[in-house]
Amino acid sequence: MTQTPLAPAPAPVTGRLRSWLRTLAIISCLPYIVLKAAWIAGSHLGMPDGSSLLDHRTTMIVANSGSVLMDSAVVVIALLLTQAWGRRVPAWLLVLPMWVATGLLLPIMTGYPLQLLVQALGGEITGSGGSARPFLDEWVFAVVYTGFIIQGLTLGTLFALYAKDRWGHLWQGTLRELPAGPTAPALRAAAVAASLVALIPGTMHLLWAAGSTAGLNEALIAESNSGSRVVDAVDVLFTAAAVAGVVLLAFRRNSALPLRVPLALAWGGSAAVGCWGGWMGLAALSNVDDIAHRPTPAVVLTYAVQMLVGTLVVTLGAYFLTERAAGTRPPSGLRA
């Protein structure tokens with residue numbers, strides 16, 4: 001079996017950049033991890049009196065323990081992307097968690113700054129939204145989301161540098177230079193299928209972004225404001241990006257577009273659609289015992305189809321790159 005070529009060691013200047021980025025990524029995890037650890041230990045830091053988070057102590061401990069482990073994984077990924085041993089790990093062992101990290105961080109990196117902009121223009125992005133029960137103090141969101149944005153920027157840059165070293169030869173050139181592969185008809189059929197299925201979550205989020213309450217439960221209707229509509233608009237954006245990426249790869253025509261553009265669209269779009277859909281779907285299903293918060297069939301279907309679209313697009317991208325790797329010789333000096 002042919003192994004993935006080993007990447008050369010980074011140049012000194014690039015190596016220093018990676019060290020700084022790694023340090024920044026690790027530091028940016030600390031506020032979130034410390035805050036979650038404090039909640040697990042019983043602290044109410046950042047939780048106003050009567051917060052709904054205080055209702056189910058055991059559930060909160062389990063959920064916060066899981067999120068601590070997830071954010072701690074950022075530290076492992078940052079080390080993997082910057083150490084020599086990290087260039088020898090199996091591709092899937094890095095790509096899969098990095099895809100998940102991209103999917104969970106990218107919507108926050110995009111949505112939170114837009115929400116702040118909307119708030120600066122007079123829109124409402126926080127508050128009880130019609131509910132008498134508070135959730136978290138405002139400073140918690142500022143601290144946590146700022147840390148997430150820094151994590152996304154640093155990890156994204158580190159991964160781009162790593163991927164360029166290890167797999168950069170796979171996305172050289174333009175779409176018109178791609179040879180006709182044996183799976184091209186299947187790729188086109190699957191791209192069409194993904195596009196059609198994506199109409200379901202894309203349409204629902206577009207309606208919600210426009211202010212419609214169709215398919216929403218009582219709690220979501222009460223909590224709807226400018227901030228929630230920004231989140232739905234971002235979901236529409238990433239759904240369109242995922243579809244655009246896979247369609248460009250499948251129907252390449254005679255385009256001079258660099259190959260890295262549709263690959264980046266498919267990567268970021270599929271991750272945000274699939275992983276964020278899974279995260280939000282899990283959050284919705286955790287409220288089945290609360291009548292007001294119980295997810296409607298429309299909400300469950302939207303997030304479930306999002307997961308399907310994201311999984312389908314990233315799978316198509318993986319097959320495309322696998323086929324391209326089989327027909328692309330690695331650069332001279334790299335071991336096969």
Side-chain angles (χ1 to χ4, degrees), residues 52-53 55-56 59-60 62-71 73 96-112 115 129 131 135-136 144-145 148 152 193-209 212-224 227-243 266-315:
S52 57
L53 293 176
D55 289 346
H56 305 286
T59 301
M60 190 185 73
V62 173
N64 286 326
S65 298
S67 53
V68 166
L69 290 176
M70 290 176 64
D71 210 46
L96 182 58
M98 192 65 211
W99 183 73
V100 174
T102 301
L104 295 179
L105 293 174
L106 200 52
I108 295 174
M109 295 170 63
T110 308
Y112 186 58
Q115 286 182 323
S131 172
F135 184 60
L136 286 171
V144 169
Y145 285 171
F148 284 161
S195 303
L196 293 175
V197 174
L199 288 174
I200 297 175
T203 300
M204 294 307 298
H205 284 299
L206 185 60
L207 288 173
W208 296 334
S212 172
T213 59
L216 298 179
N217 58 30
E218 295 178 12
L220 290 176
I221 292 174
E223 295 166 3
S224 178
S228 64
R229 288 191 282 275
V230 167
V231 173
D232 287 310
V234 168
D235 285 330
V236 174
L237 173 66
F238 285 121
T239 302
V243 170
W267 170 271
S270 68
V273 170
C275 299
W276 194 253
W279 182 261
M280 295 302 294
L282 183 62
L285 292 174
S286 66
N287 291 314
V288 293
D289 294 330
D290 187 333
I291 295 178
H293 291 80
R294 184 175 297 166
T296 64
V299 169
V300 174
L301 177 65
T302 297
Y303 290 132
V305 175
Q306 275 189 230
M307 294 174 60
L308 175 63
V309 172
T311 303
L312 180 57
V313 171
V314 75
T315 301

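In what follows, residues are counted from 1 in the order of the sequence shown. Bear in mind the structure is a predicted one, so any value in this text is a computation, not a measurement.
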**Asked** Is Trp276 close to Leu106 at the side-chain level, that is, under 4.5 Å between some pair of heavy atoms?
**Response** no
**Prompt:** Can you check whether Phe148 reaches Leu104 side chain to side chain, under 4.5 Å on heavy atoms?
**Reply:** no
**Listed partners of Ser228 passing side chain to side chain contact (heavy atoms under 4.5 Å, CB included), at least two apart** = Ser224, Asn225
**Request:** Report the residues that fulfil side-chain hydrogen bond (donor to acceptor under 3.5 Å, both in side chains) with Thr239, sequence neighbours left out, ordered by chain and then residue number.
**Result:** none
**Request:** Name all residues meeting the side chain to side chain contact (heavy atoms under 4.5 Å, CB included) criterion together with Val68; count only those two or more places apart in sequence or in a different chain, and write none if there are none.
**Result:** Ile33, Lys36, Ile40, Ser72
Solution key, residues 295-308 side-chain donor-acceptor pairs under 3.5 Å, sequence neighbours excluded:
from, atom 1, to, atom 2, distance (Å)
Thr296, OG1, Gly215, O, 2.3
Thr296, OG1, Val299, N, 3.3
Thr302, OG1, Ala298, O, 2.7
Gln306, OE1, His205, NE2, 2.5
Gln306, NE2, Val273, O, 3.2

**Request:** Only counting residues at least two apart or in another chain, list the ones meeting side chain to side chain contact (heavy atoms under 4.5 Å, CB included) with Ala266.
**Result:** Val313
**Item:** Gap separating the CG atom of Leu105 from the CG atom of Asp71, nearest 0.5 angstrom
**Value:** 8.0 Å
**Request:** Can you sort out the partners of Trp267 under side-chain hydrogen bond (donor to acceptor under 3.5 Å, both in side chains), two or more places apart, ordered by chain and number?
**Result:** Thr102
**Message:** Quick check: do Val236 and Asp232 have side-chain heavy atoms less than 4.5 Å from each other?
**Reply:** no
**Message:** Taking side chain to side chain contact (heavy atoms under 4.5 Å, CB included) as the definition, give me every residue that meets it alongside Ala101, ordered by chain and number, with sequence neighbours left out.
**Reply:** none
**Prompt:** Is there a side-chain contact between Tyr112 and Val230 (heavy atoms, below 4.5 Å)?
**Reply:** no
